[in-house]
Structures are given as C-alpha cells and as structure tokens.
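A short write-up of the structure that comes next.
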Amino acid sequence: MTGRYSLILILICLFAGQAFSQPDNTSKKVDALLAKMTLEEKIGQLNQYNGDWAATGPVTDDLRDKMKLISEGKIGSMLNINGVEKTRAFQEAAMKSRLKIPLLFGQDVIHGYHVTFPIPLAEAASWDMEAIEKSARVAAREAASGGIHWTFAPMVDIARDPRWGRVMEGAGEDPYLGSHIARARVRGFQGKGLGDLEAVMACAKHFAAYGAAIGGRDYNSVDMSLRTLWEFYLPPFKAALDAGVSTFMTSFNDLNGTPATANNYLMRDILKDKWKFKGFVVSDWGSVGEMIKHGYVKDNAEAAEAALNSGTDMDMESSSYVNHLARLVKEKKVSQENIDDAVRRILRKKFEMGLFDDPFRYSNADREKKTLNHPDHLEASRDMARKSIVLLKNERNILPLSKDLKSIALIGPLAKAEKDMKGFWTVELGQKNDVVTLHSGMQKQAGKTSLLYAEGCAINDTSKAGFAEALKVAASADVIVMAMGEAHDMTGEAKSKANIHLPGVQEELIKAVMATGKPVVVLLMSGRPMVFNWTADNVPAILYTWWLGSEGGNAIADVLFGKYNPAGKLPMTFPRSEGQIPIYYNYLNTGRPSMGDNDLFYRSAYIDLPNTPQYNFGHGLSYTSFKYSNLKLSKDSMGTRDKITVTFDLQNTGKYTGEEVVQLYIRDLVSQPVRPVKELKDFRKLSLKPGESRTLTFTLDASKLAFYNDELKQITQEGEFKLMIGSSSKDIRLDKSFFLTK
Ligand code: BGC
C-alpha cells in the first residue's frame, strides 16, 4: 500500500472511531434543551391529555382550555386529536410556548385509520407476517398523513380467555406466534424509522399481563407465577422491543398486588435495566390516578410519586404528574434525576421524528387528501381480510359455491352490517359509506345467480318475528348463506362477557333454516371465539370471518365464490363452553391427564363435558388438501451448540391451488419443571398448485428447546423431545423423537 493510501485509511479509521465514541447528536440536542427547561416545563412534557372523540367536531371550551395549557408549556402530548387541520391548530398553540417544544399526537390506530383492516385477532389468523406488516404500514401511512405521530398499538397481550373483551385486539394465545406478529406490526408502523413521513411511533401495550385478568373481566387483577409471566406473557413485549418499538404503555391491572403503572419490577428491573429500553413509557388512560381505587396509594400525589419513580414516564389523562410532581421534587420524594430521565426519553422521540426541524411536517392537507382511502389501501385491506378468514368446516365440499346456482339466500342480522363489519376500535373520521357489506360484496360476484335476502332476526333480541320471512326466502333458494355473530360493541375494551354464545335467537334461526334440508353455510362475524356447539355439530360449512373491516363484503365473497382459497388458522382455542375457560393448547399434562373423554374417573376432566375444545389452536381448512410425508431429521441427537435439520414433503393433493400453514411443535418429555404437552416452535405458510410438492426445511437449535426455571433463568435440559409437524395443534401428521445431550 502506498503512503498516500495508508494515510487515507488511517484518516477514515480515525473518523469512524470518533463517530462511534461520541455521544450521539440527538442526545446532545436533548441535553441542551433540557438545560434550558424549568421544572414546570419538564413536567409539562410528561403530561398527556385527551382531545375529543368526535374528530371532526367543533373545538369545545374544554379544548380551548387545553390549548391555553399547551401554550403555557404544560402539555407534552395530546391523544384523539386527528386530521391535518386540528393537529396544526394544536401545534400552533405549542409554538406559542416559551421553548416551542412540539406536541406529540397519539391515537389508537388499532386496525387501520381511514381504511379499516380486520381486527388484530383476525389478522393473526392469517399467520402471514408480510400481510400483517403491510396492514400496519398502510395504517401508519394514513395516520401520519392525518397529523398522527404515534399509535397506541400493537397490543401484544397474550390471551387465553375469550370472555375477555380485548382478545380482539391481540394476536391470541401463543407467545411464539404472538412474538412474530408483534415484530411484524412494529416494523409496519415504524416503517423506515422515525423521521420518515410515513412512519408513526408504535407502542407495545399493555405492560404487562393484562390479558390474564381473573375471570376474563376487563381491568381485573392478575395473579401469576413469575415463571408463567416470563414464559408466556413477556415474550411478545421483548419481540416488540427487539423490533425497535418506540414506546410502551402500562396496563390497568395489578400484577400480584402491585399495579402495573407503579411496578418497579416490570418497568425498571425488566424493561429499562435488563432489556435496556431507550424509548418512553406512557401510563394507560387514568391508570396513575386509578391506583387510589386499587388501594395502592392514598391520593394523586402518592400516585404520581409511585408511578414516576417506578418508570412511568408520561401520565395519560390523570393530571397527577402536572399537579403534584413539582412539589414532590421539592420534598425530595421524586428525584430530579428521575424527572430528567423521563423528559429526555420523550424529547428524544420528538427529535427523532424531526418535529424540532418542522413541527408541522405531519400536517400537510395535500398529502392527507392524496393518502386517505387510496385504492392501494383498499386492496391491501381486502387481501388482509381474505387471509384472515378461517374455514372451520366444509362437509361435502359445499364451498366454494358453484357458479351455476340459480339462487342463493343470504339470511342473518349481519348480512348488511356496516359498523359491525368494521368492529371495535375504529377511528371515526366522519366518513360515510365506506364499508362493503356482505350483501353488496356477494351481489357484485353473484353473476347470473340471484341473491335473495332476509334479516331473519336481530343480533341480540328475543323476537322470532322475522323467522317466517327468512324460511320463505330459504325455501326458494338452492343454497343458504347465513351471516351471524356479534355487534361491534360486544367485544372490545370493557366488553367482557360471561356468556359468549352466539347472541339472541341466532342459533334458533340456524336450526330452523337447517330444517329446510337445504345446504347451509354459516358465517360467523365476531371479535372473539364464540360458543356455537349446535352449529358446529350440525351445519356442514362454517367460515369464521371475524370483523373484517372496510372490504369485508368483498373478501367474504371472494372466499364464498372460490376466487380465494381460505387458509386462515385459529390463533386461539375455541371452547365448547364457558366452563372450560381458560382453555389453551399448551397446557401441562398433570398427574392424571384426560386421556380420552370416556374415562372420567381420576382424570383432570369435567364429568359433564368433553375435555377437548370445539376447535383447536391452529385449526383451519382449505378447499384443497395437503399430504405430509417423508419426515427426516439430520440426526437424532444434538448438543446445546448443535442443530438438527428437519425436512419433510408437503403435497397439494386436492383440486385447488391453496396455501397451508405448516406448524412445528415440540414436547419436552421429561423436564424439571414440567413442560407443556405442545409448544409451537416454528411455522411456515406456503402456496402449492394442485399436485405440486415441496420439501420443507426447519432448523432446531437449543434456543427452541430452552425454558425458564424457577430462578427465571433460561435453561435447557438433556433428554428426549418429541417433534410434531401438522396442520393444527391437534392434526399432527408427522412426528419423531430426538435427544438433547450436553
Ligand atoms: C386503553 C388503551 C388505549 C387508551 C387510549 C385505554 O382505555 O386501555 O389501550 O390506548 O385508552 O385510548
């Protein structure tokens, strides 16, 4: 190397070394700003208030008061202010404050913004990470164009109790699938990264264990072993963090007696110390103040002290921080250092989003107009919706519907549903006629087949007055399609239910229609796993369509008429009765396992109900069939630093091109502590043409066999494992044993 080149190389190395050793530029900017701030201004940054629910409504007096507080530097973030016009007006108020620190606008963008996507639980049924990421991407693009910087999503709470109304918002019961989905959603929302105009900050919520509310009652206490917490409930949070999630939200529940909002173990020990989370934590709505009702603190001042000291950086709506922190600092109950740390975390995000360069960069009316409701977004929503549908049953291949039918009767209270098709947690922007109903979706694809219609009954009513008309319509049709299920406000926040049966007289209507002897297809639209035993046992074809969003009607029609071959798989176990709950596939075997439901003595079972669920985790059929064969392991034992390659063949043995979600489970046969009967450890979704065959490869390494011991350390233990590969957690097609050695 010539002297000249060596010199250049040395200079490059020096420069690079310097860049790496410097505190980053953003930290410098944050510190410089912090140095100028009064204590009151700092506390203002930790305070978040609500705008209003009716996004398009007038600016009320209450909002005018908030604008004044903003201009005094007493609010750092607003939620439920959306649209370019409104966010701009509020940001202008922030620009009147002494230091002109921009506001952050947060919003629950849970499954779409203007274009609504399927509810998150439905999307989870797709097991399709690319589609899920895209759904979040579209939601982010639209929300960001409407002035939003921050979505309170994804909800990554594991849920084993379908009575809990918020199951609709998560990814179901499994930590492995849930972790994949958490990552996909964070990637989708945050896109190219903060600062990009199509990215919003994501928020992993609700930290932690909110989904394990006792009895499935929303906001209820959670009592669980730390091992269960680490094993099942924390992994999706860690996955969100690894994907770069910007914020976390605390949960309403107490965890083993300590409210999550003041839970030092969760927020300091785990999140900020062990996991080294660099973003900020927002409380849930009013959850700082609610610690008084928990009986954890006596007043809002104590609540503020407990929450801030435990690591809750921003107070959503309780006013405890803004009213009490200054005094608490003077009394030395809250350290200046803790305040500064919380403020730094929030300012850093504002810098990363480029808001100090241009506080109005998200408020561009032109962009908003061009972005909202873009045809590509509708197409993505339709695609996601089709992928979310689960074919539970299809006897005699009733589906897809033949093109030669003379007439189809569409019956049921959800056939023309709009709001109910969108489901809970939508952003109301005052848009009209933005949902494709099932009726209009089917009408568009029915061709020469005539589409008859009758409502039959209401969603949740005792009246059977509509039955006669429905039966008349049914009698004159070749096939009957029934649109049954829940109203949009029957599953969601504060919508827990003790009775999760199909509501009202709907199942009676199904029985009456079945009595006509005609072929019947039942569609179930809902936010949660429901109980519908008679239907499950007697109706030949059932599609679980959840709440599918703006394009629901088109998507269902695509599936009914065979334009799309369904491939969804249940992300939650469906019980036969509420009495079986909690019910999940990854349970422990016990000393008296329920081997079969005939032998009920001395078995861990009910004497009045089979132990098995109605539908198993991972279940979902296709219009085609798949053959699994030729399972091979590269070796039958491996050391902890080793791996085993698993291969097998999958063949499409039916008549339609179709996708299969291949699932890989393991069981650790002898272990201390004991392990579940099955644990999902990998999956793959792939499409095969009729007759096509493909060899699939999975890799097993020790990380897939590791688990938490009583000291909460991840360990592996030598011994025999069973590997199972199948089409659901129940429908295992191939299995083999292997050994883990030292
Ligand atoms: C919910 C959160 C939500 C917040 C703001 C709370 O009631 O639990 O999930 O983000 O409200 O709307």
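Note that the structure is a prediction, hence the values are computed from the model and not measured. Start at 1 and go down the list; that is how both ligands and their atoms are numbered.
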Test: K272 cationic atom under 6.0 Å from F277 six-membered ring centre, within 45° of axis: no
Test: R528 cationic atom under 6.0 Å from F574 six-membered ring centre, within 45° of axis: no
For M249, the ligand 1 atoms whose distance to one of its heavy atoms is below 4.0 Å: 2 (C), 10 (O)
Atoms in ligand 1 with a heavy atom of F152 nearer than 4.0 Å: 10 (O)
Which residues share a salt bridge (Lys or Arg N to Asp or Glu O under 4.0 Å) with E169, sequence neighbours left out: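 Testing E169 for salt bridge (Lys or Arg N to Asp or Glu O under 4.0 Å), a comparison that skips the adjacent residues, returns R166, K205.
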Location of contacts on [X] toward ligand 1, heavy atoms closer than 4.0 Å:
| X | answer |
| --- | --- |
| L79 | side chain |
| Q48 | neither |
| K205 | side chain |

Ignoring angles and geometry beyond distance, decide whether [X] reaches within less than 3.5 Å of ligand 1 through its nitrogen or oxygen atoms.
| X | result |
| --- | --- |
| W285 | no |
| D284 | yes |
| Y210 | no |

Heavy-atom gap M155 to ligand 1 smaller than 4.0 Å: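 No; M155 lies far enough from ligand 1 that no heavy-atom distance drops under 4.0 Å.
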Test of ring centre spacing under 6.0 Å for H149 and F105: yes
Geometric class of the F207/W275 ring pair [parallel <30°, tilted 30-60°, perpendicular >60°]: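 Answer is tilted, since the angle falls between 30° and 60°.
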Those residues that, when tested against R187, pass side chain to side chain contact (heavy atoms under 4.5 Å, CB included) (two or more places apart): E133, R183, A184
